[in-house]
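This report refers to the structure that appears directly beneath it.
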Amino acid sequence: MSIKSKQFISPVIVSSLALLLYYLFSVTTTHFSHFQYAILQVLRNLCLLIFLFLLFEKLAPLQLYTKILIALFLGAVAGILFQHSMLEIKPIGTAFIRLIQMIVVPLVFASLLVGTASLGNVRKLGRIGTKTLIYYLLYTAFAITVGLILANVFKPGSGLSEDVQARLMQNFSGQVGSKISNITEHANPLDILLNIIPSNPIEALGQGKLLQIIFFAIFVGITLTLIPKKKAKLVISLFDAINDVMVRMVHIIIAIAPYGVFALIASVVGSFGVDILFSLIKYTLLTITGLIFLYFTYPTVVQLLTPIRWGYFVKGILPAQTVAFSTSSSSATLPVTIEVCQETFGVPNNIASFVLPLGATINMDGTALYQGVSAVFIAQVYGMHLGIVEQLTIVLTATLASIGTAGAPGVGILMLVIVLRQVGIPLEGIALILGVERILDMFRTTINVTSDAAISVVVAASEGELGQN
Ligand code: ASP
């Protein structure tokens, strides 16, 4: 046997053995004391990790995004097969999320400060800012409209039987109260705008308030162009170096993405009740169909408005999409989105560092579409008719609501509270959709991140700066 085939076969044997052990450890759960069971848990998870390690690192020199996709698939399979026991490996996923979240604040602050200072031109900044906002808001409004049209045409709420309805209300109405009480502080649009100015920038950095950080970083960046060059250079080169360190850290962390993604998906799928999915199948499928439709619009827009080809965009954005799908957080995905846009699509730092963090906070097309479908769905279940005025109110409210809330897991449902309240749809109706909230969050976050990336590419191309890194 050649050395090459030996190198291939031994990992296959060891990883199959590890998987077999995992399975055996999983089925022999009876008659163990608490302590023995804990040891068994550690052992079987070790087997799983060995299996994954050999698969990802030894079997074939796969590209990172292929590994992440395999991890996504295997995670879902493992979640279905081993169900609740997959919650044991969730900490690996949580560690991965925390690692990339760790980079967000220093990366955004340093890169935006350097980007603005090197732009050196307030006019240009204003132009890019205006363009970005217009693209973001228009696309968000378009996304809700698609959601509203789908829900009006296919009426997902009209087929829900009364006993399913009663069961959903009974199971989830307890959780609605906390969601509603979380939202009151964001209700006033003027406050949302005022809140962009941090009264204490250190607090803003400490609490990771992205809009406030963006505001402060831009202000400092602009002011650096107004003080003597020699002094400014000191500050800029310091933050430039910090930026480089953060980017390097992203490279390191992203290498463990396949493990994080596997753990996150396996634990979500493992803890997810499939029966709930079936009872809301029409609503869930309709939302996902709408999101898939949006998904195809982005490469199309990119192909039409920039030199980047359809397929290149679809393939290049995959690492950010898979991280978004498994973390359900556009803010946590931000370092990966910035990396992809700069390295793969050639968006220059000064545009990526501004457009993308802004997008992670205010641009949520997937969430917007979800709100359109959900608002109409709940109204239909309650037998309410939504006229054109109510539907337009939904478009406006959902677009504005997206500005004040950063992309984090479950934020969409909080924004939905604002929308429902505005058009007088009973808030308890949220209980109907809470059961499938997490799975839809994964899909809509993927779209949110894709949209941010696509618009950053379009803005860079419109400035004639794509590929000028
Ligand atoms: N999780 C979404 C995001 O981070 C927001 C949401 O729809 O809940 O973009």
Side-chain angles (χ1 to χ4, degrees), residues 93-94 96-98 100-101 103-105 108 136-137 139-141 143-144 146-147 175-176 178-180 182-183 186 208-211 261 264-265 268 283-284 287-288 290-292 294-295 298 317 320-338 340-341 355-375 377 394 397-420 430 433-456:
T94 312
F96 171 64
I97 295 189
R98 293 184 69 108
I100 28 176
Q101 265 176 337
I103 312 285
V104 174
V105 170
V108 168
Y136 278 163
L137 294 182
Y139 226 121
T140 305
I144 314 171
V146 173
Q175 295 176 27
V176 176
S178 63
K179 305 267 174 214
I180 297 174
N182 272 342
I183 200 67
H186 291 301
K209 293 189 172 162
L210 274 183
L211 279 188
V261 166
L264 288 168
I265 295 298
V268 169
Y283 160 77
T284 312
T287 312
I288 293 178
L291 293 173
I292 291 175
L294 279 187
Y295 168 86
Y298 299 110
I317 191 67
Q321 284 176 331
T322 41
V323 173
F325 189 75
S326 46
T327 60
S328 287
S329 167
S330 358
S331 302
T333 313
L334 197 50
V336 186
T337 324
I338 292 179
V340 160
C341 288
V355 176
L356 293 170
L358 200 64
T361 349
I362 69 169
N363 181 46
M364 299 185 195
D365 298 350
T367 307
L369 181 135
Y370 153 87
Q371 288 177 5
V373 177
S374 305
F377 169 76
I394 294 178
T397 323
T399 310
L400 291 179
S402 67
I403 296 178
T405 29
V411 155
I413 202 111
L414 302 182
M415 286 155 61
L416 186 63
V417 173
I418 304 181
V419 171
L420 295 186
I430 285 183
I433 55 172
L434 275 183
V436 287
E437 156 63 13
R438 177 64 206 235
I439 187 106
L440 292 182
D441 199 358
M442 295 157 83
F443 282 96
R444 58 188 199 241
T445 309
T446 309
I447 297 303
N448 293 348
V449 166
T450 312
S451 169
D452 298 341
I455 290 177
S456 79

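For ligands, and for the atoms within them, numbers begin at 1 and follow the listed sequence. All values below were derived from every heavy atom in this structure, side-chain atoms included, with hydrogens, water molecules and symmetry-related copies excluded.
- Ligand 1 places these atoms under 4.0 Å from at least one heavy atom of Thr367: 5 (C), 6 (C), 7 (O).
- With hydrogens and angles disregarded, a donor-acceptor distance shorter than 3.5 Å links the side chain of Asn448 to the backbone of Asp365.
- When side chains are defined from C-beta on, Leu416 counts as touching Ile433, because their heavy atoms get closer than 4.5 Å.
- The shortest contact between atom 2 (C) of ligand 1 and any protein heavy atom is with Thr445 OG1, 3.3 Å.
- Ser456 and Asp452 form no side-chain donor-acceptor contact under 3.5 Å, judged by distance and modelled atom types alone.
- The N/O atoms of Val411, backbone and side chain alike, include one that comes under 3.5 Å of an N/O atom in ligand 1.
- Residue Ala408 has at least one nitrogen or oxygen atom sitting less than 3.5 Å from a nitrogen or oxygen atom of ligand 1, judged on distance alone.
- Taking every non-hydrogen atom of Asp441 and a distance limit under 4.0 Å, the qualifying atoms of ligand 1 come out as 1 (N), 2 (C), 6 (C), 7 (O), 8 (O).
- Considering CD1 of Ile288 and CD1 of Ile292, their distance stands at 7.0 Å, rounded to 0.5 Å.
- Taking every non-hydrogen atom of Gly410 and a distance limit under 4.0 Å, the qualifying atoms of ligand 1 come out as 8 (O).
- Considering backbone and side-chain atoms alike, Ser331 places every N or O at 3.5 Å or more from each N or O of ligand 1.
- If you look at Ala360 next to ligand 1, there are no close heavy atoms at all, none under 4.0 Å.
- Aromatic rings of Phe443 and Tyr295 (six-membered ring for Trp) have centroids beyond the 6.0 Å cut-off, not under it.
- Under 4.0 Å from ligand 1, the heavy atoms of Ser328 that appear belong solely to its backbone.
- The protein atom (non-hydrogen) at minimum distance from atom 3 (C) of ligand 1 is Ser330 OG, 3.1 Å.
- Between Ile265 and Met442, the closest side-chain pair of non-hydrogen atoms falls below 4.5 Å.
- Each of the following atoms of ligand 1 lies closer than 4.0 Å to a heavy atom of Gly412: 6 (C), 7 (O), 8 (O).
- Within ligand 1, the atoms closer than 4.0 Å to a non-hydrogen atom of Ser329 are 4 (O), numbered from 1 in the order shown.
- Two residues are said to be in side-chain contact when any heavy atoms from C-beta on lie closer than 4.5 Å; Tyr370 and Ile413 meet this criterion.
- No side-chain N or O of Tyr136 forms a donor-acceptor pair with one of Ser451 less than 3.5 Å apart.
- Separating the OG1 atom in Thr450 from the CG atom in Leu294 is a distance of 9.5 Å, to the nearest 0.5 Å.
- Distances below 4.0 Å separate heavy atoms of Arg444 from the following atoms of ligand 1: 6 (C), 7 (O), 8 (O).
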